[in-house]
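Please read these numbers as outputs of a predicted model, since none were measured by experiment.
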Amino acid sequence: METETRIALIGIIVENQEITDELNRILHEYGEYVVGRMGIPYKKQNVCIISVIVDAPNNVISSLSGKLGMLDGISVKTVYSKK
């Protein structure tokens with residue numbers, strides 16, 4: 001039986017550039033679920049905005065979001081598909 005998955009968009013704002021290695025390590029750890037990723041540096045505010053699209057079971061999405069949210073200088077919000 002295949003595990004049911006959902007599509008989610010994880011929005012990340014990076015205010016602490018020194019944490020990017022750890023951020024990338026976590027994203028790589030969940031790489032099998034990542035559908036796409038886009039990062040945009042916003043130099044005027046000295047932040048980076050990253051959008052990550054995942055297709056994964058709810059518990060995996062929650063785990064990924066939680067780990068990212070615990071990083072210092074990172075803000076994370078997750079939006080889930082309805083189905």
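Residues Glu15 and Ile74 fail the side-chain proximity criterion, which asks for heavy atoms closer than 4.5 Å. Proximity of Val14 to Val47: side-chain heavy atoms (C-beta onward) are nowhere separated by under 4.5 Å.
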Show your working on side-chain contact (heavy atoms from CB on, under 4.5 Å) between Leu71 and Asn16 and close with a plain yes or no. CA-CA 9 Å; Leu71 296 175; Asn16 176 5; over 6 Å; no
Given side-chain contact (heavy atoms from CB on, under 4.5 Å), test Ile10 with Val79 step by step and report yes or no. CA-CA 6 Å; Ile10 302 173; Val79 179; over 6 Å; no
Can you list the steps and then say if Val52 with Ile50 is a side-chain contact (heavy atoms from CB on, under 4.5 Å)? CA-CA 6 Å; Val52 180; Ile50 303 170; 3.8 Å; yes
Determine, step by step, whether Ile7 and Val54 satisfy the side-chain contact (heavy atoms from CB on, under 4.5 Å) criterion, reporting the C-alpha distance in whole Å, the side-chain angles of both residues, the deciding distance to 0.1 Å, and the verdict. CA-CA 6 Å; Ile7 296 170; Val54 294; over 6 Å; no
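Evaluation of the side chain to side chain donor-acceptor pair (under 3.5 Å) rule for Asp55 yields Thr5 as partners, not counting sequence neighbours. Under the rule for a side chain to side chain donor-acceptor pair (under 3.5 Å), the partners of Glu29 that lie at least two apart in sequence or sit in another chain are Arg25, Lys67.
The distance from atom CG of Leu23 to atom SG of Cys48, rounded to the nearest 0.5 Å, is 8.5 Å. Rounded to the nearest 0.5 angstrom, Ile13 CD1 and Lys77 NZ are separated by 10.0 Å. To the nearest 0.5 Å, atoms CD1 (Ile12) and OG (Ser51) are separated by 8.0 Å.
When the side chains of ILVMFWY residues are joined at heavy-atom separations under 4.5 Å, either directly or via intervening members, Leu9 and Tyr33 end up in two distinct hydrophobic clusters.
Of all heavy-atom pairs spanning Ala56 and Ile61, the tightest one is O-CD1, 3.4 Å. The shortest non-hydrogen separation linking Val34 to Leu27 is CG2-O, 4.3 Å. When every heavy atom of Thr3 is checked against every heavy atom of Pro57, the shortest pair comes out as CG2-CG, 3.7 Å. Of all heavy-atom pairs spanning Ser65 and Val76, the tightest one is O-CG1, 4.2 Å.
Here the side chain of Arg6 pairs a donor or acceptor atom with the backbone of Ser81 at under 3.5 angstrom. The closest donor-acceptor contact from the side chain of Ser62 to the backbone of Asn58 lies under 3.5 Å.
In this structure, Asp72 places its CG atom where only 12 or fewer heavy-atom neighbours from other residues, nucleotides or ligands lie under 6.0 Å away.
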